Amino acid sequence: MAHHPNIRRFLTVLLASVLATATGLLVTAAPAGARVSIVPGAAKGGGTETFAFRLANERPDTSSDRLELVFPQDLPIAFVEVAPARGWTATVVPRPLEPPVQVGDQTVSEVAGSIVLTGGPVGPGQFEQFLITLGPLPADGRLVFEASQGFTNGAVERWANAAPGSPAITIGAGAGAPAPSARANQGGSASDPMGQTVVEDTGDAPPTVAVLWGALILAALTVALVGLRAHLRRIRPRSPETDPEIAESPESSKVVST
């Protein structure tokens with residue numbers, strides 16, 4: 001028996017709505033494919049601090065195997081130390097400081113230019129954490145890093161020129177009370193099974209791939225239920241008088257003899 005025209009029309013509209021919802025969610029999720037964050041994001045100036053640089057991979061189809069952090073030119077950092085991370089190689093690339101500055105009885109002519117971390121890889125939905133000690137920090141200011149994240153499929157995500165999402169550390173006056181140091185496994189920290197320190201981040205994290213797909217399924221079900229209820233309200237009982245398909249069927253044309 002042929003499908004009722006209203007049902008075909010309803011299914012077409014439903015399919016188009018679900019596809020539109022899926023497309024919208026995936027477009028919205030695109031910027032969350034990569035993320036670099038720093039814990040804590042604030043510190044007192046003038047000293048040496050250890051920070052946890054997190055490399056998160058929120059792409060569902062590839063792994064991340066490279067992170068490059070470029071230091072800002074206006075706030076030079078002379079000392080950088082990267083704690084060993086299993087499966088990763090860290091390279092600190094210096095840059096000349098012009099003009100050199102005198103610090104005590106030493107002349108500083110080189111500062112940190114960038115850090116390149118390669119290895120891993122970091123699988124979909126996972127993150128790696130690198131403990132990096134920086135100092136001496138400036139008395140005040142904001143360290144905004146240019147960053148690039150590489151993936152095993154050849155893709156690269158970049159944050160340059162203080163773009164939204166660039167990893168940064170607020171130092172001094174604008175910092176407020178800094179979070180616990182990333183050096184110690186205490187006060188809101190936890191240790192993972194690999195023995196590395198994991199610092200709890202109280203900031204807002206981007207939605208994961210699982211959450212996005214959950215939202216997609218929920219949106220599709222909502223569209224289906226709303227559309228079905230609206231369709232059922234329009235459906236009327238079928239009878240030979242109102243439905244030509246029943247009126248013309250062989251069963252309706254039989255003559256019963258008495």
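It should be emphasised that the depicted structure is a prediction, and the values quoted were computed from it without experimental measurement. The residues of the chain are indexed from 1 along the displayed sequence.
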Name every donor-acceptor pair, under 3.5 Å, that has one atom in a side chain of residues 110-123 and the other anywhere in the protein, sequence neighbours excluded.
none

Shortest non-hydrogen contact from Ala168 to Arg142?
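Scanning both residues, the minimum pair turns out to be CB-NH2, 3.5 Å.
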Without swapping roles, check the side chain of Glu128 against the backbone of Ala85 for a donor-acceptor pair under 3.5 Å.
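It does not hold such a pair.
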Taking the side chain as everything from C-beta on, heavy atoms only, tell me whether [X] gets closer than 4.5 Å to [Y].
X	Y	value
Leu143	Leu137	yes
Phe145	Ile169	yes
Phe53	Gln129	no

Hydrophobic cluster identity match, Val144 and Ile77, side-chain contacts under 4.5 Å
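No, it is not one cluster - the side chains of Val144 and Ile77 are not joined through contacts under 4.5 Å.
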Linking I/L/V/M/F/W/Y whenever their side-chain heavy atoms sit closer than 4.5 Å, directly or via other members, would Val70 and Val80 fall into one cluster?
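Different clusters: Val70 never reaches Val80 through Ile, Leu, Val, Met, Phe, Trp or Tyr contacts under 4.5 Å.
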Does Glu157 pair with Arg35 as a salt bridge, N-O distance under 4.0 Å?
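Salt bridge flag = no for Arg35 with Glu157.
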For the rings on Phe130 and Phe51, is their centre-to-centre separation under 6.0 Å?
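Between Phe51 and Phe130, which both carry aromatic rings, the centre distance is not below 6.0 Å.
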In chain order, what residues pass the salt bridge (charged side-chain N to carboxylate O under 4.0 Å, His left out) check against Glu146, with sequence neighbours excluded?
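For Glu146, no residue satisfies salt bridge (charged side-chain N to carboxylate O under 4.0 Å, His left out) once neighbours in sequence are set aside.
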What's the verdict on side chain to side chain donor-acceptor pair (under 3.5 Å) for Thr152 and Ser63, showing C-alpha distance, side-chain angles and the deciding distance?
CA-CA 6 Å; Thr152 53; Ser63 297; 4.6 Å; no
If you draw a 6.0 Å radius around CZ in Arg158, do more than 12 non-hydrogen atoms from other residues or ligands fall strictly inside?
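It does not: Arg158 CZ has 12 such atoms or fewer within range.
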